[in-house]
Amino acid sequence: MTFADLVEEVRTLPLEEKVELKEVLEHELTDAVREGIYQGHLEAVREWESGKLKTYTNVDDFIRSLDEDE
């Protein structure tokens with residue numbers, strides 16, 4: 001089944017099923033975004049633990065570090 005076939009099939013559904021499908025898709029999208037955030041968190045923790053991330057005690061030090069990277 002192609003995407004176009006799927007869309008056409010959805011168009012033939014009764015309103016109640018379309019609403020239910022919309023709710024299912026919204027939950028799936030929310031879960032996918034949450035998973036992406038969680039994976040980003042895990043990556044940040046790994047970088048922190050490996051010492052790849054720098055910390056700064058004030059904004060001036062941070063700004064100077066940006067100038068050094070250029």
Side-chain angles (χ1 to χ4, degrees):
M1 176 180 276
T2 67
F3 181 76
D5 294 335
L6 178 60
V7 169
E8 194 55 41
E9 185 72 25
V10 168
R11 287 186 173 143
T12 65
L13 294 174
L15 178 60
E16 185 177 294
E17 289 181 3
K18 287 178 184 177
V19 170
E20 184 176 348
L21 178 59
K22 177 182 175 271
E23 291 172 0
V24 168
L25 289 172
E26 286 173 344
H27 287 286
E28 288 293 320
L29 290 170
T30 299
D31 288 346
V33 169
R34 284 183 182 146
E35 181 63 22
I37 291 169
Y38 178 66
Q39 292 302 321
H41 161 73
L42 292 178
E43 178 63 23
V45 168
R46 282 191 293 273
E47 288 183 3
W48 174 261
E49 290 173 344
S50 70
K52 291 181 181 178
L53 298 180
K54 297 178 184 178
T55 58
Y56 302 95
T57 56
N58 61 57
V59 174
D60 292 331
D61 290 343
F62 174 68
I63 291 172
R64 275 193 288 278
S65 77
L66 295 176
D67 290 338
E68 292 170 1
D69 291 340
E70 290 179 357

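Model, not experiment: these values are computed from the prediction. Residues: numbered from 1 along the sequence shown.
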(message) Within a 6.0 Å radius of atom CD on E43, are there more than 12 heavy atoms belonging to other residues, nucleotides or ligands?
(response)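 Counting neighbours around CD of E43, more than 12 heavy atoms of other residues, nucleotides or ligands fall under 6.0 Å, so yes.
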
(message) I need the K18 NZ to T12 OG1 distance, nearest 0.5 Å.
(response)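 Going from NZ on K18 over to OG1 on T12, the span is 7.5 Å.
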
(request) Please report the closest heavy-atom contact between L53 and E47, naming both atoms and the distance. (result)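 Scanning both residues, the minimum pair turns out to be CD2-OE1, 3.4 Å.
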
(request) Answer yes when D61 and R64 have at least one side-chain N-carboxylate O distance shorter than 4.0 Å, and no when they do not. (result)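 Counted as a salt bridge, because a side-chain N and a carboxylate O are separated by less than 4.0 Å.
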
(request) Please round to the nearest 0.5 Å and tell me the distance separating atom CD of E26 and atom CG of L21. (result)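 Answer for the CD-CG pair, E26 versus L21, is 10.0 Å.
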
(message) Are L66 and Y56 connected into the same hydrophobic cluster when the rule is that any two of I, L, V, M, F, W, Y join if their side-chain heavy atoms are below 4.5 Å apart?
(response)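 Per the 4.5 Å side-chain linkage, Y56 and L66 are co-clustered.
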
(message) Strictly below 4.0 Å, N to O, side chains only: are R46 and E49 in salt-bridge contact?
(response)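 Salt bridge: no.
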
(request) Look up atom CG in L25 and atom CD in E20, then write down how far apart they are to the nearest 0.5 Å. (result)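 L25 atom CG to E20 atom CD measures 11.0 Å (nearest 0.5 Å).
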
(message) Apply side chain to side chain contact (heavy atoms under 4.5 Å, CB included) to residues T30 and R34 and explain how you reach the verdict.
(response) CA-CA 6 Å; T30 299; R34 284 183 182 146; 3.6 Å; yes

(request) Step by step, work out the side chain to side chain contact (heavy atoms under 4.5 Å, CB included) result for E35 and D31. (result) CA-CA 6 Å; E35 181 63 22; D31 288 346; over 6 Å; no

(message) To the closest 0.5 Å, what do you measure between NZ (K22) and NE2 (H27)?
(response)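 One gets 9.5 Å once the value is rounded to the nearest 0.5 Å.
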
